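The structure displayed is predicted, hence computed values, not measured ones.
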Amino acid sequence: YSVTLQLYGEEHIESLIEANNYAGNLSSLRRFKEAKSLMRKTIPVAQRVLGMSNDLTLRMRWIYGDALYEADGATLDDLREAVTT
């Protein structure tokens, strides 16, 4: 992801795809804190560049919501945010 980000910048579709894949892998490894952090930075970019209803934007929101929900020690606020994401 970092190489693609350096080559193309944060608004390029390839960078957004790489960020999504990386966050998905982090989430699969139960590294939810890192996945949430990456998605917090990347989702607004995807929404601005691709739109709210784009497939990639929606997949990012899914990963973010899942990371919020699945994280150990998830608070009630985290669960509320996961539902609204």
Side-chain angles (χ1 to χ4, degrees):
Y1 164 68
S2 62
V3 172
T4 304
L5 186 61
Q6 289 176 350
L7 285 173
Y8 299 114
E10 71 175 5
E11 294 186 351
H12 194 277
I13 185 70
E14 291 300 322
S15 298
L16 295 171
I17 290 169
E18 289 290 327
N20 181 69
N21 293 343
Y22 184 42
N25 289 334
L26 289 169
S27 193
S28 293
L29 294 170
R30 303 195 57 79
R31 293 169 57 182
F32 299 119
K33 185 176 180 179
E34 294 166 86
K36 289 187 295 187
S37 176
L38 179 58
M39 289 294 93
R40 278 191 194 113
K41 291 187 302 187
T42 311
I43 289 171
V45 176
Q47 290 172 334
R48 184 176 66 250
V49 173
L50 304 174
M52 293 289 290
S53 61
N54 179 275
D55 283 350
L56 182 58
T57 304
L58 294 173
R59 281 184 272 157
M60 287 179 168
R61 293 174 64 197
W62 177 273
I63 290 169
Y64 181 59
D66 187 57
L68 285 167
Y69 174 76
E70 292 288 339
D72 292 334
T75 65
L76 187 55
D77 286 339
D78 290 336
L79 299 180
R80 285 186 185 119
E81 185 176 351
V83 170
T84 61
T85 298

TODO: Considering non-hydrogen atoms only, spot the tightest contact between A35 and A23 and give its length.
DONE: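 Residues A35 and A23, closest heavy atoms: CB-O, 3.7 Å.
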Open item on the list: Between I13 and L50, is there a side-chain heavy-atom distance shorter than 4.5 Å?
Closed with: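 Touching, per the 4.5 Å side-chain cut-off.
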TODO: Would you indicate whether the side-chain heavy atoms of V3 and E18 approach each other to under 4.5 Å?
DONE: no
Open item on the list: According to salt bridge (charged side-chain N to carboxylate O under 4.0 Å, His left out), does anything in residues 34-45 pair up with another residue at least two apart or in another chain? List the pairs.
Closed with: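 Output for this query lists R31-E34.
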Could you state the interatomic distance from [atom1] ([X]) to [atom2] ([Y]), rounded to the nearest 0.5 Å?
X	Y	atom1	atom2	value
M60	D55	CE	CG	12.0 Å
Y1	N25	OH	CG	13.5 Å
I17	T42	CD1	OG1	12.5 Å
N20	S15	CG	OG	12.5 Å
I63	L68	CD1	CG	12.0 Å

TODO: Kindly write out the residues that satisfy salt bridge (Lys or Arg N to Asp or Glu O under 4.0 Å) with E14, not counting sequence neighbours, or none if the list is empty.
DONE: none
TODO: Find out if a path of hydrophobic residues (ILVMFWY) with successive side-chain heavy-atom gaps under 4.5 Å connects Y69 to L26.
DONE: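 Different clusters.
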Task: Side chain S28, main chain G24, donor-acceptor under 3.5 Å - done: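 Such a contact is found between S28 side chain and G24 backbone.
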Open item on the list: Looking at T57 and M52, would you say the former's side chain and the latter's main chain have a donor-acceptor pair under 3.5 Å?
Closed with: no
- [ ] Kindly state each residue pair satisfying ring-ring contact (aromatic ring centres under 6.0 Å, His included) with at least one member in residues 2-37, sequence neighbours excluded.
- [x] Y8-H12
